[in-house]
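Residues take their numbers from the sequence shown, with the count starting at 1. The figures that follow rest on heavy atoms only: side chains count, while hydrogens, waters and symmetry mates do not.
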Amino acid sequence: MTTHTAFREEVIPLSCDGYAYSGRIVHQPNARMAPIVLVGGAFQHQGAWGRVEQFLLEAASVITVDLPGWGAADPLPARYGFDFLTRALDRFLSEVAPAPVNIVGTSYGSAIAYRWVQRHPERAERLALIGTMAHLTDHVRARVERLLRLGEQGRRAEFESGVLDSMVCSSPLVTVTRRPTVVRCLSRALAELSAQDIAKFLDNTRRLLDHPDTPGGPTVRVPVLVATGEHDPLTTPALSREAAHLCADARFTTLKDADHLVHLERPTETVDLVARFFAGESLSGLDYCHPVEYIGRRNPVPAPRAGGERERQSSCAPEGS
């Protein structure tokens, strides 16, 4: 779904080490907060944020990007790691957003957003990571390797089914909001992928396997929000919470009745959570998510429920996570 807005939109072509890509900014002239940067996952491109972008534009200008290997950008060989992608993101943001921004990294894009904030803390106000993990577990690696084999062997139907299984919790024992609609839309999008789109996905998947480690360097000290769907089968609540522990001032929660595709299943609630966080508002008492856990503060803000929130285990969580 391509975004159409009435706001002024700029698309800026760029190049990093000879690889062409582009970034996009939609200007909100009456912004109430710093621009919001969206760095998406494996199948997201800069114009496909739909209702998420529309809702965020109510408060801020929105910046999106097709980094090398994404969308209409040049393919990027897997030998280039996440540091290269972080550098490409910084080249774009240096042009359009010299002042501090709020940044959202979802799924695959969360590693890039995290690295950028780690390297440029003075240019980030706050960081939100949606569907992330601190490291690649054996279970997730096996799942990703299987997708890679299916794609390389041209087994298209099995590949598409495997992508769905990795992102959508299909258990009949749990409720996932809008699951049939999301599955139908994602299935159609997968069926429409071109050969070049598949090739880019495979390179990005190899990159994930070849460069899996969390980067060394300074601890991220800007305020961080880590969230995912309570039934996320890929970046499970346990893995996302582990990522929150890497940050000095983090809060963690899961959205109810959602899985890895939380931004499609519960877009209004996802945006509300992120916008409240970026505005510095209270995250207490939100009925669409579980009580927020505060992690890493020297003077911790108490969780909404005395004694803290124990993670509600998802029936879709992989073994060993």
Side-chain angles (χ1 to χ4, degrees), residues 1-3 11-24 37-50 63-92 104-113 115-116 130-133 136 140-141 143-168 185-212 234-235 260-261 263-264:
M1 179 170 57
T2 301
T3 301
V11 178
I12 300 169
L14 302 114
S15 177
C16 188
D17 292 0
Y19 292 95
Y21 65 110
S22 66
R24 170 179 168 274
V37 182
L38 302 175
V39 186
F43 296 106
Q44 290 174 291
H45 61 82
Q46 64 182 356
W49 286 92
I63 297 170
T64 61
V65 61
D66 275 350
L67 294 171
W70 264 261
D74 284 348
L76 184 69
R79 67 178 180 273
Y80 289 87
F82 288 94
D83 286 344
F84 174 86
L85 293 168
T86 303
R87 183 157 56 91
L89 175 63
D90 182 60
R91 180 164 296 185
F92 169 51
V104 181
T106 66
S107 192
Y108 195 97
S110 63
I112 302 164
R115 283 168 167 78
W116 185 81
I130 311 297
T132 190
M133 63 178 74
L136 201 63
V140 175
R141 175 177 284 275
R143 178 172 285 193
V144 171
E145 287 175 342
R146 179 175 180 272
L147 285 179
L148 185 59
R149 288 195 302 272
L150 292 172
E152 290 174 338
Q153 294 167 7
R155 295 157 64 181
R156 186 66 180 258
E158 293 174 85
F159 170 78
E160 293 173 10
S161 177
V163 171
L164 283 170
D165 288 343
S166 69
M167 296 185 180
V168 178
C185 292
L186 182 56
S187 297
R188 183 171 63 246
L190 290 170
E192 293 173 353
L193 291 176
S194 67
Q196 186 178 62
D197 292 331
I198 295 290
K200 288 179 179 178
F201 174 83
L202 296 179
D203 276 330
N204 288 337
T205 301
R206 294 187 193 97
R207 181 174 301 107
L208 184 64
L209 295 173
D210 294 345
H211 309 273
L234 184 61
T235 55
H260 191 67
L261 300 176
H263 66 290
L264 298 177

Practice item. List the atom of Cys16, the atom of Phe84, and the distance in Å for their closest heavy-atom pair. Key: O-CZ, 3.5 Å

Check your understanding: When rounded to the nearest 0.5 angstrom, what is the spacing between CZ in Arg79 and NE2 in His211?
Key -> 10.0 Å

Check your understanding: Shortest non-hydrogen contact from Thr132 to Thr235?
Key -> O-CB, 3.4 Å

Review point. Taking atom CG of Leu67 and atom CG of Leu14, what is their separation to the nearest 0.5 Å?
Key: 9.5 Å

Review point. Atom CG in Asp66, atom NE2 in His45: separation rounded to 0.5 Å?
Key: 7.5 Å

Review point. Is there a donor-acceptor pair under 3.5 Å between the side chain of Asp203 and the backbone N or O of Gly69?
Key: no

**Study point:** Between CZ on residue Arg141 and CG on residue Leu208, distance to nearest 0.5 Å
**Key:** 8.0 Å

**Study point:** Shortest non-hydrogen contact from Ala73 toward Pro68
**Key:** CB-CA, 3.9 Å

Check your understanding: Do Arg206 and Glu152 sit within salt-bridge range, that is, some charged N less than 4.0 Å from a carboxylate O?
Key -> yes

Point to revise | Side chains of Val104 and Trp49 in contact at under 4.5 Å (non-hydrogen atoms) | key: no

Point to revise | Any residue meeting ring-ring contact (aromatic ring centres under 6.0 Å, His included) with Phe159, in chain and number order, not counting sequence neighbours | key: Phe201

Check your understanding: Passes side-chain hydrogen bond (donor to acceptor under 3.5 Å, both in side chains), Asp197 versus Ser194? Steps please.
Key -> CA-CA 5 Å; Asp197 292 331; Ser194 67; 3.0 Å; yes

Exercise for review: Take Val37 and Phe92 through the test side chain to side chain contact (heavy atoms under 4.5 Å, CB included) and record every step on the way to the result.
Suggested key: CA-CA 11 Å; Val37 182; Phe92 169 51; over 6 Å; no

Exercise for review: May I have the step-by-step check of side chain to side chain contact (heavy atoms under 4.5 Å, CB included) for Tyr21 and Arg91, ending in yes or no?
Suggested key: CA-CA 11 Å; Tyr21 65 110; Arg91 180 164 296 185; 3.5 Å; yes

Exercise for review: Evaluate the criterion side chain to side chain contact (heavy atoms under 4.5 Å, CB included) for residue pair Leu85 and Trp70; output intermediate values, then yes/no.
Suggested key: CA-CA 11 Å; Leu85 293 168; Trp70 264 261; 3.8 Å; yes

Review point. Looking only at heavy atoms, which two atoms of His263 and Gln44 are closest? And how far apart?
Key: NE2-NE2, 3.4 Å

Check your understanding: Should Met133 and Val140 be marked as a side chain to side chain contact (heavy atoms under 4.5 Å, CB included) after you check the CA-CA gap, both sets of side-chain angles, and the distance that decides it?
Key -> CA-CA 10 Å; Met133 63 178 74; Val140 175; 4.0 Å; yes

Point to revise | Straight-line distance of Ile198 CD1 to Lys200 NZ, nearest 0.5 Å | key: 12.0 Å

Review point. Does the ring center of Tyr108 lie less than 6.0 Å from the ring center of Phe82?
Key: yes

Point to revise | CG on Leu190 to CE on Met167, rounded to 0.5 Å | key: 8.0 Å

Study note, to complete from the structure: Closest heavy-atom pair, Leu147 versus Ser166, reported as atoms and distance to 0.1 Å, is CD1-OG, 4.2 Å

Practice item. For residues Tyr19 and Tyr80, establish whether the separation of their ring centroids is below 6.0 Å. Key: yes

Study note, to complete from the structure: Shortest non-hydrogen pair, Arg156 vs Leu193, comes out as NH2-O, 2.8 Å

